[in-house]
Amino acid sequence: MSQIPQFLVDNLFTTSATTSRPHITLTWAQSLDSKIAGPGGQRVILSGPESMLMTHWMRSMHDAILIGVNTLILDNPRLQANLLPPSLNLPPPQPLILDPKLRFPITSRILNEWNTKPDQRGKTMRQPWIICGENVPTERVREVEGAGARVVLVKLDDRAHIPPSSLPSILTSLGLRSVMIEGGSRILSTFLHCPKRDDGSKLVNSVVVTVAPMFIGEGIGVVPEGEDVGLPALKTVHTEKMGKDAVMICAVE
Ligand SMILES: NC(=O)C1=CN([C@@H]2O[C@H](COP(=O)(O)OP(=O)(O)OC[C@H]3O[C@@H](n4cnc5c(N)ncnc54)[C@H](OP(=O)(O)O)[C@@H]3O)[C@@H](O)[C@H]2O)C=CC1
Ligand SMILES: Nc1nc(O)c(N)c(N[C@@H]2O[C@H](COP(=O)(O)O)[C@@H](O)[C@H]2O)n1
């Protein structure tokens, strides 16, 4: 797969997005028993090589990739599109971490890569941007910025979370036209439960799910236990077999 899979081009419409109306894609890989990780949040490789590569193409189609701070802590990801051919010189996606209390570990791999590979900046990686509550102590903000990340202060909701409805305006203020939200469970749940943007329009534009033919058993569900009520209806837009996996592109109704 040396170019973007055509079914993504045909069904995601990220290129028509603008900074004033950013495109939001929610995506994850799950087992047949609807788990995204093992016991205690242990990372599980669900995607086969073909669907993992497809995920990296999707990363490169969006201006930004977003995860929750627990995923950053548990998986220690790089959030790059490093499976794509380097010769294509595709602009790397902007990593965003939703981290209300600024728990971001400055020893994380994503920051280490940024600090130790200056020649790769803007080529294969971008500086991690951490979105946190405006009540975080200034000394902590300085510590994280001093370690090399950018900290973006935003208003929190009454649960001390970054309100999903406000993400579009945060993206607009950061000059980003599209975001691919990769998880984890709590982030997926709050975005799925929040139908509208602050301006009243639909929050999530696309949902892309990789289903791997395996059972995890005990583990982390797509949404946390007890939060599987009140989820929106989805409409299948396209289904594609990728190696051993099935990939579904859906729209929120
Ligand atoms: N298979 C897959 O595709 C993927 C699997 N995963 C898995 O998901 C697991 C982690 O999921 P989970 O523990 O739920 O953590 P998340 O990654 O969803 O992070 C949750 C944290 O994000 C912060 N947060 C900020 N804004 C919000 C908001 N609006 N709603 C909810 N939380 C918000 C909170 O931090 P605070 O508590 O500090 O307030 C919260 O505890 C890992 O095991 C990882 O392996 C992750 C991504 C993809
Ligand atoms: N698409 C997909 N398939 C899986 O099997 C996964 N476990 C994940 N996890 C997500 O990818 C992140 C790690 O990616 P990198 O190491 O940075 O390439 C991880 O944090 C999850 O967001 N995704």
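Atoms within each ligand, like the ligands themselves, are counted from 1 in listed order.
- The closest approach between a heavy atom of R59 and any atom of ligand 2 is below 4.0 Å.
- Checked by distance only, ligand 1 and W28 stay at 3.5 Å or farther apart across all their nitrogen or oxygen atoms.
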Exercise. Q120 and E113: side chain to side chain donor-acceptor pair (under 3.5 Å), yes or no, with the steps?
Worked result: CA-CA 9 Å; Q120 291 304 306; E113 292 259 316; over 6 Å; no

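- Here I36 has heavy atoms under 4.0 Å from ligand 1 in both its backbone and its side chain.
- Using 4.0 Å as the threshold, I67 has no heavy atom nearer than that to any atom of ligand 1.
- The heavy atom nearest to atom 33 (C) of ligand 1, out of those in I187, L98, T210, is found in I187.
- Among protein heavy atoms, atom 5 (O) of ligand 2 sits closest to L46 N, 2.7 Å.
- Of all atoms in ligand 2, listed by their number and element, those nearer than 4.0 Å to a heavy atom of D75 are 19 (C), 20 (O), 21 (C).
- Backbone and side-chain nitrogen or oxygen atoms of A37 are examined, and none is located within less than 3.5 angstrom of a nitrogen or oxygen of ligand 1.
- Considering only non-hydrogen protein atoms, atom 22 (O) of ligand 2 sits nearest to E182 OE1, 3.0 Å.
- For atom 7 (N) of ligand 2, a protein non-hydrogen atom is found at a distance below 4.0 Å.
- Interface of I45 with ligand 2, defined as ligand atoms under 4.0 Å from a residue heavy atom, comprises 5 (O).
- Proximity of R103 to ligand 1, defined as any heavy-atom pair under 4.0 Å, is confined to the side chain (atoms from C-beta onward).
- Residues V237 and C250 are not in side-chain contact: their nearest non-hydrogen atoms beyond the backbone lie 4.5 Å or more apart.
- In this structure the side chain of L234 reaches within 4.5 angstrom of the side chain of V252, judged on heavy atoms.
- Proximity of R150 to L174: side-chain heavy atoms (C-beta onward) are separated by under 4.5 Å at one or more points.
- Considering both main-chain and side-chain atoms, A29 comes within under 3.5 Å of ligand 1 through a nitrogen or oxygen pair.
- Checking S165 against D198 by side-chain atom types alone, a donor-acceptor pair falls below 3.5 Å.
- Of the protein's non-hydrogen atoms, the one nearest atom 26 (N) of ligand 1 is I162 N, 3.3 Å.
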Problem set entry | Audit row: R140, E143, salt bridge (charged side-chain N to carboxylate O under 4.0 Å, His left out) steps and yes/no | CA-CA 5 Å; R140 175 65 182 147; E143 182 190 11; 2.9 Å; yes

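- Within the cation-pi definition used here (under 6.0 Å to the ring centroid, within 45° of the axis), R126 does not qualify as a partner of W114.
- Formation of a donor-acceptor pair under 3.5 Å by the T19 side chain with backbone atoms of R177 is not found in this model.
- Hydrophobic clustering, with ILVMFWY side chains joined whenever heavy atoms are under 4.5 angstrom apart, groups M58 together with L83.
- For the residue pair S201 and R21, a side-chain donor N or O sits within less than 3.5 Å of a side-chain acceptor on the partner.
- What sits closest to atom 16 (P) of ligand 1 on the protein, heavy atoms only, is G184 N, 3.5 Å.
- Those atoms of ligand 2 that come under 4.0 Å of a heavy atom in T71, given as number and element, are 20 (O), 22 (O).
- Protein heavy atom nearest atom 4 (C) of ligand 2, with residue, atom name and distance: S47 OG, 3.5 Å.
- Looking from atom 11 (O) of ligand 1 to the surrounding protein, the closest heavy atom is S185 N, 3.2 Å.
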Problem set entry | side chain to side chain donor-acceptor pair (under 3.5 Å) evaluation trace for T27 with E182 | CA-CA 5 Å; T27 188; E182 289 204 8; over 6 Å; no

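- The side chain of L74, and not its backbone, has at least one atom closer than 4.0 Å to an atom of ligand 1 (non-hydrogen atoms only; side chain from C-beta on).
- Taking hydrophobic clusters as Ile, Leu, Val, Met, Phe, Trp and Tyr residues chained together by side-chain heavy-atom distances below 4.5 Å, M54 does not share a cluster with M214.
- Residue A160 has no nitrogen or oxygen atom sitting less than 3.5 Å from a nitrogen or oxygen atom of ligand 1, judged on distance alone.
- Looking at T71, I97, L46, I131 and measuring to atom 17 (O) of ligand 1, the nearest heavy atom belongs to T71.
- A salt bridge is defined here as a Lys NZ or Arg NE, NH1 or NH2 lying under 4.0 Å from an Asp or Glu carboxylate O, and E134 with K155 meets this definition.
- The protein heavy atom nearest to atom 21 (C) of ligand 1 is V69 CG1, 4.0 Å.
- Defined by atom type and a distance below 3.5 Å, a donor-acceptor pair is missing between the side-chain atoms of H56 and S60.
- For atom 36 (P) of ligand 1, the closest non-hydrogen atom on the protein side is K101 NZ, 3.2 Å.
- When P100, G41, P77 are checked for heavy-atom proximity to atom 34 (C) of ligand 1, P100 turns out nearest.
- One finds no salt bridge joining E50 and K244 here, because no Lys/Arg side-chain nitrogen approaches an Asp/Glu carboxylate oxygen to under 4.0 Å.
- Cluster annotation: F7 and L53 are assigned to the same hydrophobic cluster (Ile/Leu/Val/Met/Phe/Trp/Tyr, side-chain heavy-atom contacts under 4.5 Å, transitive).
- Contact annotation for atom 20 (O) of ligand 2: protein present (non-hydrogen atoms, distance under 4.0 Å).
- Within the 4.0 Å heavy-atom criterion, the part of D75 lying near ligand 1 is the side chain and not the backbone.
- The closest non-hydrogen atom to atom 41 (O) of ligand 1, taken over N70, I220, I73, comes from N70.
- Across the listed options K35, E182, R186, E182 owns the non-hydrogen atom lying nearest to atom 4 (C) of ligand 1.
- Defined by atom type and a distance below 3.5 Å, a donor-acceptor pair is missing between the side-chain atoms of R43 and N76.
- Inclusion of R43 in the set of residues having an N or O under 3.5 Å from an N or O of ligand 1 is not warranted.
- Between Q42 and ligand 1, no N or O atom pair is found at a separation short of 3.5 Å.
- At a threshold of 4.5 Å between non-hydrogen side-chain atoms, the residues S31 and F215 do not count as touching.
- For atom 30 (N) of ligand 1, the closest non-hydrogen atom of the protein is T190 OG1, 2.9 Å.
- Nearest to atom 16 (O) of ligand 2 by heavy atom, out of R109, R43, Q30, Q80, is R43.
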For this session: Any chance you could lay out the side chain to side chain donor-acceptor pair (under 3.5 Å) test for H62 and T25, step after step, and finish with the verdict?
Result: CA-CA 9 Å; H62 293 80; T25 301; 2.8 Å; yes

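- The proximity of V44 to ligand 2, defined as any non-hydrogen pair under 4.0 Å, is limited to the backbone.
- In P77, the parts holding a heavy atom less than 4.0 Å from any atom of ligand 2 are both the side chain and the backbone.
- Polar contact check, N82 against ligand 2: no nitrogen or oxygen pair lies under 3.5 Å apart.
- When each atom of ligand 2 is checked for a heavy atom of L79 under 4.0 Å away, the hits are 17 (O).
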